[in-house]
Amino acid sequence: QVQLVESGGGSVQAGGSLRLSCAASGATYSTFCMAWFRQTPGKEREGVASIDNDAYTNYADSVKGRFTISKDNAKNILYLQMSSLKPEDTAMYYCAADSGTNQYCSDPPAEYDYSYWGQGTQVTVSS
């Protein structure tokens, strides 16, 4: 089992930046892909970015060039640096980890690839 706890969400004006963190604990050695997803009320969860154990990354087209996913393996923390934020980035952001059976991370990240989820952190971008 892997436990995930997100932090770093908040309110920011358009054009601003935020950094989300996801602290992982438990059987983290068993995972291969980690990712960030986001969801707004009434919409499906959207894959934002993923990173594998070789630090290969994938991004949704909507965030390419603005968001950066990274991982501190020593601390077991996943990050999402978000810059040039737009009102349409407003969402609940979730951290996810797979069970280690994937040979590559789906591009863009797909929910069915991930077994472990955090509780989410809210990001609100005002215009």
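Values reported hereafter were calculated over all heavy atoms of this structure, with side chains retained and with hydrogens, waters and symmetry mates removed.
Ion pair D61/K64 flagged as a salt bridge, since at least one NZ, NE, NH1 or NH2 atom sits closer than 4.0 Å to an Asp/Glu carboxylate oxygen.
Taking both residues in full, the closest heavy atoms of M34 and C95 are given as CE-SG, 4.1 Å, listed atom of the first, atom of the second, then distance. A pairwise comparison of heavy atoms in T28 and V2 identifies N-CG2, 4.2 Å as the closest pair. In terms of heavy atoms, P109 sits closest to A35 at CB-CB, 4.1 Å. Of all heavy-atom pairs spanning S50 and Y114, the tightest one is CB-OH, 3.6 Å. A pairwise comparison of heavy atoms in Q119 and L4 identifies OE1-O, 3.7 Å as the closest pair. Residues A49 and L80 approach most closely at CB-CD1, 4.3 Å, considering heavy atoms.
Side chains of K71 and N76: no donor on one and acceptor on the other come within 3.5 Å.
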**OP:** Assess whether side-chain contact (heavy atoms from CB on, under 4.5 Å) is satisfied between Y59 and T68, documenting all intermediate values.
**Re:** CA-CA 8 Å; Y59 295 93; T68 302; 3.8 Å; yes
**OP:** Go through S11 and Q122 one step at a time and tell me if the side-chain contact (heavy atoms from CB on, under 4.5 Å) criterion holds.
**Re:** CA-CA 8 Å; S11 297; Q122 178 68 37; over 6 Å; no
**OP:** Dump the intermediate steps for side-chain contact (heavy atoms from CB on, under 4.5 Å) on N58 and Y104, then the final yes or no.
**Re:** CA-CA 10 Å; N58 290 316; Y104 60 90; over 6 Å; no
Subject >> ring pair (Phe, Tyr, Trp, His ring centres under 6.0 Å) evaluation trace for F37 with W117 >> reply: CA-CA 10 Å; F37 288 77; W117 295 85; 4.8 Å; yes
Subject >> side-chain contact (heavy atoms from CB on, under 4.5 Å) between R38 and T90, intermediate numbers included >> reply: CA-CA 9 Å; R38 65 186 181 186; T90 295; over 6 Å; no
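Atom SG of residue C22 and atom OH of residue Y79 lie 10.5 Å apart, to the nearest 0.5 angstrom. Remark: E88 CD to S127 OG distance equals 10.0 Å, nearest 0.5 Å. In this structure, CD1 on I69 lies 4.5 Å from CG on L78, to the nearest 0.5 angstrom. Interatomic distance, T101 OG1 to F32 CZ, rounded to the nearest 0.5 Å: 10.5 Å.
The shortest side-chain heavy-atom distance between D89 and F67 falls under the 4.5 Å cut-off. Contact of the S17 side chain with the M82 side chain is not registered, since no non-hydrogen atoms from C-beta on lie closer than 4.5 Å. Residues S106 and E111 fail the side-chain proximity criterion, which asks for heavy atoms closer than 4.5 Å.
No donor-acceptor pair under 3.5 Å is formed between the side chain of D54 and the backbone N or O of Y56. Proximity of a side-chain donor or acceptor of R66 to a complementary backbone N or O of S84 within less than 3.5 Å is detected. Counting only distance, with no hydrogens or angles, the side chain of E6 and the backbone of G120 share a donor-acceptor pair below 3.5 Å. No side-chain donor-acceptor contact under 3.5 Å links T57 to the backbone of I51. Of the possible polar contacts, one joining the N102 side chain to the D113 backbone as a donor-acceptor pair under 3.5 Å is found.
Note on I77: it does not cluster hydrophobically with L18, by side-chain heavy-atom contacts below 4.5 Å among ILVMFWY residues. Hydrophobic cluster membership differs between V63 and Y94, with clusters built from Ile, Leu, Val, Met, Phe, Trp and Tyr side chains linked at under 4.5 angstrom. Cluster annotation: L20 is not connected to M92 through the hydrophobic network of ILVMFWY side chains, with a link wherever side-chain heavy atoms come within less than 4.5 Å.
Q1 CD: 12 or fewer foreign heavy atoms inside a 6.0 Å radius.
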